[in-house]
Every structure is written in structure tokens, then in C-alpha cells.
Amino acid sequence: MIAPNLIQIVVVGAGLIGPRHAQHVNENPYCELFGIIDPSPATKQVAQNLHTEHFSSIEQMIVHCDANGLDYPKGAIVCTPNHTHVKVSAELASYGIHLLVEKPISLTIPEAKALKEYAASKNVRILVGHHRRFNPFILEAKNNLAKIGQVVAIQGSWTLRKPEEYYQVSPWRTATETGGGVLLINLIHDLDLLQYLLGPIDKIYAELLQKQRLQYPDVDEGAALTIRFKSGVLGTFICSDNVTSPFNFESGTGENPTVPLHSGLEGFYRIFGSQGTLSVPDLNLYHQGNHKCGSWLDPIVKEPLADIATVGELRPFDLQLSHFLEVIKGSSEPFCTVDDGISALMCIDAVMKSIELGAAVYLEDPKDVQPTPEASQD
Ligand SMILES: NC(=O)c1ccc[n+]([C@@H]2O[C@H](COP(=O)([O-])OP(=O)(O)OC[C@H]3O[C@@H](n4cnc5c(N)ncnc54)[C@H](O)[C@@H]3O)[C@@H](O)[C@H]2O)c1
């Protein structure tokens, strides 16, 4: 039975991340899980476990609604493989269903722009799933950034090892043309966050890390980057999904149940400023007290800025979902817009081009890219 006062949400794609979104929908008192859509027969069991309907396609769900006099769900969370995001999202938009689209918004910028225009023509609102923007460690870091004075540089890493099964169960992850590779799947999160914290990136130089998984020659395992922001801030970043290391967002914050928390981890990001250094996720501020612009002659103090235990209790997926409900109602503008998604994608595009050219690449202005016509369902 459908509760009329609850916002109906359908989850599209029930692999690794879809059921997690669906679980959050089930737990949220203001919305209801309408069903899950996934062509894989194995996901019927996932629907059963979530006590919801299973549909093998969007079309099947629409036929079900029409046949039973049901309204279409108000919102959909798109959790399908990267290369399908635009097609799936456009089909949902054609029925006026608002969208939370997992990152990356698309594989190419023209496609993302076409989706943005098409969704607008259908009065459909889109939130892009860079959910880490809702992570309290990041929000605290942003709130405290002014304490380090003028930001000069940043050092960051997203380094760990994914298990072999990760590649075996979802072959789309093993080819760049279907959106595989750690740069598009994971680095995009960090570059989105760095832009969220420090403003737009202007220029990137990247070199690929040596490959170890020779059985998957078509996807990268990571890269080393130098980054320049428009503000003049410089940064270095290492991304690898094939090293033994806890220095990554998931291990440091414990926000992903798949990756065990590495308690007490310090400094997967270090932001260096004229008056201090801010370390994330530990949220320690290194400074010199009264010696505002002290030198190496003065001692450095390590000051914890927040109680990590308290900060860690908040759940970014819940916050993102609550925000999505506000976006659906029209009472909030998307916290992460299609333009933000495009901007993050442009960073990855620049990383890829830099690797190919062996040279630094300036980021294009998203305004200069023309949309492709393919996103429209009409
Ligand atoms: N925000 C995050 O932290 C996070 C984490 C993991 C994955 N993701 C993103 O979520 C998306 C899904 O990733 P995943 O790891 O869950 O992938 P997955 O391969 O585990 O699952 C994808 C599912 O989509 C289904 N599918 C394929 N085409 C479909 C279609 N046309 N309609 C409906 N279902 C379809 C597949 O059968 C599969 O069950 C990707 O875009 C990925 O980048 C985001």
C-alpha cells in the first residue's frame, strides 16, 4: 500500500550502491521506497529483502503504474553503470521524475549538458550524487578553513586496494569506455571536494601510476597529479586503487560500510596556509598560537577543532536523501548541481588528456561546450 503523504522514490540499479540508497529511503520517515528497477534477475531477491516491488525496466514500472492507476514515483535515484546514466536519467525525466544521479553525471560533458537541457524542458530537477559534500568531516573542514589564514597549498591522497571481486562482478568497471577506472569512479569524488573546499581548478598535470592488474589492460589504477586552482593555490594528489594504504576518505571517515574505518587516521588531506595547517579527517589545526606568522623557531601547537566521535555520527547519505526530498518539493536548490557534476567531470577529462599528452592541461570553460542531441527521449 502506498502512503499518500510520503514522497515515492524508486531506485534504479541495485548492484553495490543501489541497495544502500534504497535502505536509506526505507529508513527515512518522509519518503517511501516505490520499488527497484534492475534488469538482472538476481536483484529480485534484493527487492524482496527491501520489502519492495521489482521492475526489470523503467517501462515495466510505467506500465504497472498506468495499469493500477498509480502516480509515477516523484523521484528516482540512478545507480546504474556510469555509461548508462544519461540514457536512464533522460528516460525517467521524460515521465517528469526528479533525479538524484550518482556520479559521474555522464561520461562526456556534451552529454551532461544535453541532459541538463532536456531535464529543464521537462521541469525535472537534478541533484548529482557527490554525497561527500554532506560529510560532516568536510563540512567542519570548510567551516574552519579561515583559521589557517591564506591557503597556499594542499596535499591529498585516495589510496587503497580494491578486491579482485570488485572487477569480476561488474565488467563495466574493467573498461574506460563504460566508465571504469579509479580516476572516473573515485578520483572524481576528491576533485569535486577539493573544488568545493578551495574553488575551481584551473590546470592539471597527471601521470599514470604503474599498472599491477595486467589482466585488465583497459583501465587505469591511478595517477599522480599536480593541480593549480584559479585562486593560485597549488596541490598534489595521489590516487591509487591498488596499493596497501589507509590514506583514503573511506578508511579515514568510516562512512562506507564496505571499507573498515582506520581509527585515528590523520591527513588524507593537508591544507597549508599562512597561519596554520588543517588536517582532514582528524580535524587537527597546526598553528603557532600568538606567533601568528611564526617561523621554524617557534613551537607548533596541534589543536583538535572538533570531537570526531560526534562528527562521525552524522550520515552523509541520509543528509543527501533529505536534501533530495527538499529538491523534489522545490523548497531547496540542488546542493550539487549538474554544473557542479560537469565541473568535476571536466577535471577528470583534464587528467585523462594530460596523461595522453604528457603535458599540463588547462580546464575548458564548461560554457564553451555544446550539448549533444542524444539525451532527449522525445
Ligand atoms: N557515491 C558513491 O560513493 C558511490 C559508490 C559506488 C558507486 N557509485 C556509483 O553508482 C553507480 C553504480 O555503481 P555500482 O558500483 O553500484 O555498480 P554495480 O555494477 O554494482 O551495479 C549496477 C547495477 O545496475 C544495473 N543496471 C545496468 N543497466 C541498467 C539499466 N539500464 N536500468 C536499471 N539497472 C541497470 C545492473 O544490473 C547492476 O545491478 C556508478 O555510477 C558508480 O560510479 C557511487
Side-chain angles (χ1 to χ4, degrees), residues 10-24 35-47 49-50 53-62 76-92 97 99-107 111-112 115 127-135 138 158 160 162-163 165-176 178-193 219 241 248-251 253-259 315-321 324 336 340-341 344-345 348 377:
V10 64
V11 170
V12 191
L16 178 66
I17 202 71
R20 205 172 144 203
H21 279 290
Q23 192 58 43
H24 287 287
I36 62 166
I37 301 176
D38 195 308
S40 160
T43 58
K44 286 185 182 158
Q45 186 59 47
V46 178
N49 296 345
L50 290 159
E53 296 276 349
H54 178 271
F55 306 100
S56 54
S57 66
I58 297 170
E59 198 187 345
Q60 197 193 35
M61 179 191 75
I62 295 296
I77 307 180
V78 177
C79 311
T80 57
N82 291 346
H83 62 297
T84 65
H85 286 182
V86 170
K87 190 169 181 297
V88 167
S89 300
E91 188 176 349
L92 291 158
I97 299 171
L99 301 166
L100 165 49
V101 185
E102 264 297 353
K103 39 51 64 177
I105 176 76
S106 64
L107 291 194
E111 278 180 300
L115 176 62
L127 173 68
V128 181
H130 284 290
H131 71 277
R132 287 189 195 170
R133 288 181 176 216
F134 294 89
N135 189 293
I138 297 303
W158 191 87
L160 47 58
K162 289 176 182 162
E165 307 88 85
Y166 175 88
Y167 287 96
Q168 283 167 355
V169 296
S170 292
W172 69 268
R173 295 174 179 146
T174 65
T176 306
T178 46
V182 65
L183 302 178
L184 191 57
I185 295 179
N186 304 99
L187 179 66
I188 194 167
H189 269 308
D190 290 287
L191 295 187
D192 174 65
L193 277 190
V219 279
D241 74 355
N248 62 80
F249 190 90
E250 286 84 342
S251 297
T253 63
E255 70 136 60
N256 183 337
T258 311
V259 183
R315 300 160 82 195
F317 272 79
D318 285 332
L319 293 176
Q320 181 178 248
L321 175 61
F324 182 44
C336 187
D340 293 329
L345 188 60
I348 298 301
Q377 291 292 303

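Residue indices begin at 1 and follow the sequence shown. Bear in mind that the values here come from a model prediction, so they are computed numbers and not experimental data. Heavy-atom basis, side chains included; hydrogens, waters and symmetry copies ignored. In each ligand, atom 1 is the first atom listed, and ligand 1 is the first ligand listed.
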Sequence neighbours excluded, the answer for salt bridge (Lys or Arg N to Asp or Glu O under 4.0 Å) partners of Asp241 is Lys162, Arg213
Could you tell me if the side chain of Ile36 sits less than 4.5 Å from the side chain of Glu53, heavy atoms only? no
Would you call Phe249 and Asn256 a side-chain contact if the rule is heavy atoms closer than 4.5 Å? no
Pairs under 3.5 Å, N/O atoms on ligand 1 and on the protein: can you put them in a table with the distances?
from, atom 1, to, atom 2, distance (Å)
ligand 1, 1 (N), Glu102, OE1, 3.0
ligand 1, 1 (N), Glu102, OE2, 3.2
ligand 1, 1 (N), His131, ND1, 3.1
ligand 1, 3 (O), His189, NE2, 3.4
ligand 1, 15 (O), Arg173, NH2, 2.6
ligand 1, 16 (O), Leu16, N, 3.0
ligand 1, 16 (O), Ile17, N, 2.9
ligand 1, 19 (O), Ser170, OG, 2.6
ligand 1, 19 (O), Trp172, NE1, 2.7
ligand 1, 20 (O), Leu16, N, 2.8
ligand 1, 20 (O), Arg173, NH2, 3.1
ligand 1, 37 (O), Asp38, OD1, 2.7
ligand 1, 37 (O), Asp38, OD2, 3.4
ligand 1, 39 (O), Asp38, OD2, 2.6
ligand 1, 41 (O), Thr80, O, 3.3
ligand 1, 41 (O), Asn82, OD1, 2.5
ligand 1, 41 (O), His85, NE2, 2.8
ligand 1, 41 (O), Lys103, O, 3.3
ligand 1, 43 (O), Asn82, OD1, 3.0
ligand 1, 43 (O), Lys103, O, 3.0
ligand 1, 43 (O), Lys103, NZ, 3.0

Problem - Backbone of His131 reached by a side-chain donor or acceptor of His189 within 3.5 Å - result: no
What one should report as the nearest heavy-atom pair of Ile105 and Val128 is CD1-CG2, 4.0 Å
* Ionic contact status for Arg132 with Glu250, cut-off 4.0 Å -> yes
